[in-house]
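Computed from heavy atoms alone, side chains included, the values below leave out hydrogens, waters and symmetry copies. Predicted model only: the values in this text are computed from it and were never measured.
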Amino acid sequence: MQIVWSAVDLEPAYGGVCVPTMGALHEGHLSLVRRAREEADLHAHRLPVVVTIFVNPAQFAPGEDFARYPRTFEADCEKCEQSGADVVFAPAVGEVYPEGPGAPIDPRIIIPAVAREPGLEEKSRPQFFIGVCRVVHRLFELVRPSAAVFGEKDYQQLLTIRAMASEMALPVTIHSEPTARDEDGLALSSRNVYLAPPQRKRALGLSKALRAARGAASVAEAESAMRSILLANQVEIDYAVVRDAHTLMPIENLAFGARALVAGRVGAVRLIDNMAV
Ligand code: PAF
């Protein structure tokens, strides 16, 4: 496996399968790398798998955890190699954002409706999807992949990137992988390292709430069950909703294809999770 610091050395890996990450890799990311390996091996000429590691300043608001976001580069590279990556691309901020991360967004980049309208992540983190679309678009420009893999854990992000790629007619197929969980149900996240043991126990409220939503008979019953469980686990609720699985807009009935989504704070740590219901 090769570590590439600058896009000028990426040419041999053009057309590969890309896994964009911010590092601090856990089993969830590695399931994306293994999926990328599988997709890449389906081609007659085994395509390269390129993992990008870049902590994107443009998707953090002032006061969020950009400076203390966990950075574990050497361990990340070992894990990537063991999971089947051919290249780790770790660009400098100046290469991703030649005009600086605070410069206005390239007006060609489409921020799709699913990133602007549902009132979920974008409500409490208005800069987030603008930063995500910007970096993913730029990484695609540098890596030139034929396909990319994202996790369902960040479900609104997955739908946003899929819609951006489709609405901008980017020549990239977007694949997704289910959320990886610890045995007790906690969705894996790089931010779980911030949780003290009693907080980790409370954080289980998120997956418990989602499982309760799956057994509910209506949207209202599902949302009320989720809120009760989150409150019982002392999770400060941001949202606990059942939405259309494609648009993330409100729905009246628990039709096939509904998605339950929760976000909340356990102490200072903001966590999100989701499940099909
Ligand atoms: O999900 C992430 O780790 C990030 O939001 C992504 C997609 C790598 C963009 O920085």
Any side-chain heavy atom of [X] sitting closer than 4.5 Å to one from [Y]?
X    : Y    : answer
P118 : T247 : no
N253 : V219 : no
V19  : V50  : no
P145 : V17  : no
V51  : F89  : no
S146 : L47  : yes
C77  : I3   : yes
I53  : M22  : no

Do any N or O atoms from the side chain of [X] and from the backbone of [Y] form a donor-acceptor pair under 3.5 angstrom?
X    : Y    : result
H29  : H26  : yes
N274 : K153 : yes
Y155 : M275 : no
S190 : A24  : yes
S83  : K79  : yes
E95  : A7   : yes
E122 : G119 : yes
Q156 : E121 : yes

Can you tell me how far [atom2] of [Y] sits from [atom1] of [X], rounded to the nearest 0.5 angstrom?
X    : Y    : atom1 : atom2 : answer
T179 : I272 : OG1   : CD1   : 9.0 Å
I237 : R265 : CD1   : CZ    : 13.5 Å
R270 : S124 : CZ    : OG    : 3.5 Å
L195 : R200 : CG    : CZ    : 8.0 Å
C80  : L25  : SG    : CG    : 5.0 Å
R202 : K208 : CZ    : NZ    : 12.5 Å

If you compare all heavy atoms of [X] against all heavy atoms of [Y], which two are closest, and at what distance to 0.1 Å?
X    : Y    : value
P12  : P48  : O-CG, 4.3 Å
L254 : A216 : CD1-O, 3.4 Å
P91  : L139 : CG-CD2, 4.4 Å

Listed by chain and number, what are the salt bridge (charged side-chain N to carboxylate O under 4.0 Å, His left out) partners of [X], not counting sequence neighbours?
X    : result
R116 : none
D273 : R181
R259 : E152
D9   : none

Using a 3.5 Å cut-off and no angle test, enumerate the donor-acceptor pairs between side-chain atoms of residues 96-115 and protein atoms at least two apart in sequence or in another chain.
| residue | atom | partner | partner atom | Å |
| --- | --- | --- | --- | --- |
| Y97 | OH | N56 | OD1 | 2.5 |
| D106 | OD1 | R108 | N | 2.9 |
| D106 | OD1 | R108 | NE | 3.2 |
| D106 | OD2 | R108 | NE | 3.0 |
| D106 | OD2 | R108 | NH2 | 2.5 |
| R108 | NH2 | E141 | OE2 | 3.3 |

Inset, instruction - Under the side chain to side chain contact (heavy atoms under 4.5 Å, CB included) rule, what do R243 and L120 come out as? Steps first, then yes or no, please. - result: CA-CA 10 Å; R243 293 291 178 90; L120 301 175; 4.0 Å; yes

Legend entry - Pair E64 + R125: basic N to acidic O under 4.0 Å: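 Salt bridge: yes.
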
Hydrophobic cluster membership, [X] vs [Y], 4.5 Å side-chain cutoff:
X    : Y    : value
V269 : L206 : yes
Y69  : V132 : no
M168 : F129 : yes
V277 : V241 : no
I174 : L32  : no

State which residues pass side chain to side chain donor-acceptor pair (under 3.5 Å) with [X]; sequence neighbours excluded, sorted by chain then number.
X    : value
T72  : D76
Q157 : none
N192 : none

Legend entry - Given L230, D238, L271, the one that forms side chain to side chain contact (heavy atoms under 4.5 Å, CB included) with V262: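 Output: one option passes, namely L230.
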
Inset, instruction - Count the heavy atoms of every other residue, nucleotide or ligand shown that sit under 6.0 Å from NE2 of H246, and state whether that count exceeds 12. - result: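 For H246, atom NE2 is not crowded (no more than 12 foreign heavy atoms under 6.0 Å).
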
Mind checking what makes ring-ring contact (aromatic ring centres under 6.0 Å, His included) contact with [X], not counting sequence neighbours?
X    : value
H175 : none
F140 : none
Y14  : none

Inset, instruction - State yes or no: are the ring centers of W5 and F73 separated by less than 6.0 Å? - result: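 W5 vs F73: aromatic centres under 6.0 Å.
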
Inset, instruction - Would you please indicate if the ring centroids of F128 and F60 are separated by under 6.0 Å? - result: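 F128 vs F60: aromatic centres not under 6.0 Å.
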
Inset, instruction - Decide side chain to side chain contact (heavy atoms under 4.5 Å, CB included) for L159 and L248; before the verdict, give the C-alpha distance in whole Å, the side-chain angles of both, and the deciding distance to 0.1 Å. - result: CA-CA 9 Å; L159 296 183; L248 296 187; 3.7 Å; yes

Inset, instruction - May I have the step-by-step check of side chain to side chain contact (heavy atoms under 4.5 Å, CB included) for S176 and V149, ending in yes or no? - result: CA-CA 5 Å; S176 62; V149 187; over 6 Å; no

Inset, instruction - Please list all pairs passing the salt bridge (charged side-chain N to carboxylate O under 4.0 Å, His left out) test where one or both residues lie in residues 15-39, with sequence neighbours left out. - result: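 Found E27-R34, R35-E39, R35-E177, R37-D41, R37-D86.
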
Inset, instruction - Using the six-membered ring of Y194, assess whether NZ or CZ of R68 lies under 6.0 Å from its centre and within 45 degrees of the ring axis. - result: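 That pair qualifies as a cation-pi contact.
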
Legend entry - Full working for side chain to side chain contact (heavy atoms under 4.5 Å, CB included) between C133 and I161: CA-CA 7 Å; C133 287; I161 292 166; 5.7 Å; no

